[in-house]
Number of protein chains: 2
Amino acid sequence: MFKKGVNKLAMLKRCNVKISISAWHCQIKLLDFTVLGGMDEMFSYGGYTGKVFRVNLTDNKVSEEHLSGKLVEKHLGGRGFGAYFFNKEIKPGIDPLGQENKLIFSTGPLMGTGVPCAVKVNLTTKSPHTGIYLETMASGYFGPELKFAGCDVLIVEGRSEEPVYLWIKDGEVEIKKARHLWGMFTSTTQEFLRRELGDLRVQIACIGPSGERLVKFASIIASERRAFGRGGAGAVMGSKKLKAIAVRGTKRKIHVSNPERVKELSMKIGKILKSTPITAQDYPKYGTNMSTTVINEFGFYPTKNFQSGVFSGIKAVSEGKWRNEFVVKDVSCPGCPIRCGKISLVREGPLTGFVTEGPEYETTWALGAQCGNDRLDVIIAADSLCDMYGVDTITAGNTIGFAMECFEKGLLTKEDTDGIDLRFGNHHAILKAIHCMAIKQGKLGEMLSLGVRDLSSKLGHGTERFAIHVKGLELPAYDPRGVWGMGLTYATSNRGGCHLKSWTIGDEVIAQTVPRWTVKGKAKLVIRIQNMRAVFNSVGICLFATKGLTWKLIPEVLEAVTGIKYTSDELLGVGERIYTLERIAAVKCGVNKKDDTLPRRILEEPLPEGPAKGKYLSLENFNYMLNEYYRLRGWDENGIPKKETLKRLGITNV
Amino acid sequence: MFKKGVNKLAMLKRCNVKISISAWHCQIKLLDFTVLGGMDEMFSYGGYTGKVFRVNLTDNKVSEEHLSGKLVEKHLGGRGFGAYFFNKEIKPGIDPLGQENKLIFSTGPLMGTGVPCAVKVNLTTKSPHTGIYLETMASGYFGPELKFAGCDVLIVEGRSEEPVYLWIKDGEVEIKKARHLWGMFTSTTQEFLRRELGDLRVQIACIGPSGERLVKFASIIASERRAFGRGGAGAVMGSKKLKAIAVRGTKRKIHVSNPERVKELSMKIGKILKSTPITAQDYPKYGTNMSTTVINEFGFYPTKNFQSGVFSGIKAVSEGKWRNEFVVKDVSCPGCPIRCGKISLVREGPLTGFVTEGPEYETTWALGAQCGNDRLDVIIAADSLCDMYGVDTITAGNTIGFAMECFEKGLLTKEDTDGIDLRFGNHHAILKAIHCMAIKQGKLGEMLSLGVRDLSSKLGHGTERFAIHVKGLELPAYDPRGVWGMGLTYATSNRGGCHLKSWTIGDEVIAQTVPRWTVKGKAKLVIRIQNMRAVFNSVGICLFATKGLTWKLIPEVLEAVTGIKYTSDELLGVGERIYTLERIAAVKCGVNKKDDTLPRRILEEPLPEGPAKGKYLSLENFNYMLNEYYRLRGWDENGIPKKETLKRLGITNV
């Protein structure tokens, strides 16, 4: 429908090609040229295309803008860019499903450069599920392809009247009609779109029926079976009538500052990954499910809506059984030697034929133990359904688990569930529940599509005690009563209950560098990991790869790729800046200390059994950590970053 | 695993490239050279690669053989080749699911030459469903690709121990491991295989869980959503542990005798197709479903297991409603200007997201009226399930319809159906039944996977009266009580109850060139159409295209492509030869007059309502037609072709 050529100027400049004045003017005239980031000059760093593609679906306008050096230096990419553009462009108080919301896809400088495992693309938007700031990342081929196609950042704004998809190829952006795809599962959408575009290597991010129906926790499925899972970005896409984004970059070369050094470092990182047990053996064999058995052994594997920390059916869902009986293929993201991706297939019984990539550790848990379900075939089929319809597996499992507890407590009856016996462990009910929830089908579907927080609000009767979420985002698969640092992590994650911003289990439980059952020092630990991960996520590195591409190596790799020198401390500072920018984004959405908390079950009910029996994270202990956290972060007692903190971090205009 | 280079000799010969003696000897030595067809010289006709690829899965041997000119002249290709090789190579009395059975894929000379609509690839084997000769054809890209990849005929024999797939590319054949694909739906099998082979244009024929589980009426899905549907060829593939055949030919050129003339005729045919209402308007708009309303208006649209010839829910399943509410895309086979293919998508309600190509007229009926089901969304989802699992939709719908009548008559109870209320029109029951039948799940699945004939035998109690099949193959969507020529067609079809061998409705009911309610002249009509269609099917032309590529044009086109001159009568003779060869194949499997009959309901029960009310095809009337048919065919009173007939047709060594 609408098509726009894109400037080759920045690339030419970086390559020291001389441009005549007339050509220059011609380009400027063509392009409605803008430099973003407060500077009036573009940069010449490696690792970036330097470009932002902006698509406005309301008026079908496609434009291109350029990143400034200052912006890049201060925010790196990925989450950093996301937080920057969110603060700059998304007004507080807007409706996440209104046309004022935006989808900000941002890549990192290491992606597409040959550095191993640099694949993580970030998506920032305002969440319809939590009502606040959301960043969500996907692995796979979509992110690198976006960069090969010519942009660091893709911003989609406005709202189309008719279903459309974006076709981004080698710097050209088209808005194309998608009426024929509207209603399709994510799997068939990708199949038809690849066929239509005639290229197997087209990478597609798309929504399924859940995103179209504005299910608040709808996901976006990218690169076949990877997901922008959490927080409902799929519903934002659905609200814009944007079915898919198809991307292809045939010139698979990103300019880097020091090609030889990048090659050398990449080989070094590859070697480390190939010789480190976790990345050479554990991840390749079991993927993220390598944690299943051990977390249960530690006693904080949440079971039946966090009623216990040990799951009686653990053997039946163990990584060993899964690997032996269901995994048929190892797959990887581009340029990743780890190959943690697993294709699972049900070959026997009524669910024969169901295939999924994963299920990842969190999904195995959410659709398994959290629902009292010990059947891997059901978990795989349920995961497959979640991906086909496009809903977040963690929220789906949590919501079903929560509803199951309500059902068993008599707060929900068959009257509410369209006759379904919604007891823990009812396999049929789990699959039925996902189907109904994903398309808001019947009473059961309408109810479950609320997610945990809103369903609890609707039910009342003290259900908020066991409504397991933080800021509306349901918790993942580590019960904080058994690992307190994760409690602080969940409470201070800017998007709500998230396990990815810091993972303290290594320090607290495995290496025990910080005593497990204390609160002292936890804030410092969490902050350090949060800041480091803000950097990893912004340069585009997969967290699993950081066993090889360690924190120590990041400055070296960044310099070789971009030409920008950072010390380790400077980089930590960038991480802190990014995390603080995200906090500001959340604060603008209304977040403050009242939201930095944990579900009452976590704070008040001791774990009833297992190795962590009797443990809980008392409000007193929690508050100790939180107050220390605020102090160390330079946030005030209400959790708002202080002016001097902003100044120290060089954050302006927010 | 095993790989074999293939001779370019025949091609070189045809292209008049001079070959030195040494090169010639070298090739012969390499190739274990054999010429098939009783001649000791290859031919130089256009339209053929001249090659047979033979794959033996028992000993992992791949070899190549060459067709003789005599063989080609006498059998054309497609069904002709299938019947030839069946008679030559498949011993009577073998177990269809044993390693002695073979899969004979055969293309036609017009395929891949630029002649419009030449896409139909034939598959001949012994049917596990009927126990007799089976030919089944698929449209789409698979057939032409097979030819582009270098062969006219592919014969798969033996049985592998482990799951495998074939990878045929540009004359190379590999037998590759398929353990990771075993258990997958046909849709995911294709997705993973294309990804694995790295080429979107790879064409795949594969089985789903039904073929693997040896469901006797399992289909083979080819070219995404096309099917070798009838008779259970998918189970034969499954018995050989052959999951898929992947094909790619990058040199997309088939030598023809007179390229200019082929081009000229192709354009002429294209023009006719574009200016003939049925191929320019009706097929493009409604596909095969254009018949739905009209056949019901004629009063022979079989309803609820042929209990009636008019369906009260016809409006709800009409082609107009379907086109308006469910069709999202028109698709076509390669080189076809008609575009009768329709992608249907359910966008609302609990079945949202289900996609299918089609449903074709027969499927709309089998999963609709035949089961008393008037919901198009259910028909589309049911069709989609049949394709995913890989079962024939016509047999599936018939078997469910038959079981529904048994259930309503009290001959089956909920005890037999795992609690399912198997009444006509129960939408949930239809979907559940397909799921169970397709993987032999539970009592219901085991029962339905028998198909109509065997289920009737098992149930007894006079159910054979309404067990609607001929020779074990369930009937399609024209009730012969309303169109008697179709009764003779079904009874004399060599694979059992089939509507594709002759379609007399045009002559009997629409144009009325032969009086409808008489039996005189019907045998002659049926024979003529059967012979013509044997030719169309053997040269590879889609029957829908014969409105443009008429019988009159066939000799001209064949000459331009192959260089072989046939008169119209000679070609009819070839058709007769092919049909008779198929009869011989069936006779070898035990078929004779006792099998050339119709279900008792058709012969004894008058249609109870509608425009054809009171009509039936009495045994007397039927026998009149059949005896006349035998006489005109030159078969004896038991339906066995006479010696003089074989002599007249030049059939030897059978």
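Chain A is the first sequence line, chain B the second, and so forth, proteins listed ahead of strands; every chain is numbered from 1. None of the values given here were measured: they were computed from a predicted structure. The figures that follow rest on heavy atoms only: side chains count, while hydrogens, waters and symmetry mates do not.
Using a 4.5 Å cut-off between heavy atoms, B:V346 contacts chain A through its backbone alone, with no side-chain atom that close. Contact annotation for B:R213: only side-chain heavy atoms (C-beta onward) come within less than 4.5 Å of a heavy atom of chain A.
With respect to chain A, the highest number of heavy-atom pairs below 4.5 Å among B:G183, B:P350, B:P209, B:S187 belongs to B:P350. Between chain A and the options B:R179, B:M388, B:E348, B:K440, heavy-atom pairs under 4.5 Å are most frequent for B:R179. Note: A:R225 leads A:K329, A:R225, A:R201, A:Q190 in heavy-atom pairs under 4.5 Å with chain B.
A side chain to side chain contact (heavy atoms under 4.5 Å, CB included) with A:T188 is found for one member of B:V355, B:I343, B:L345 and no other, namely B:V355.
Classification of B:R347 and A:E212 as a salt-bridged pair fails, no side-chain N sitting under 4.0 Å from a carboxylate O.
Judged by distance alone, the side chain of B:H180 and the main-chain N or O of A:D330 form no donor-acceptor pair under 3.5 Å.
The minimum heavy-atom distance linking B:R195 with A:L200 is given by the pair NH1-O, 3.4 Å.
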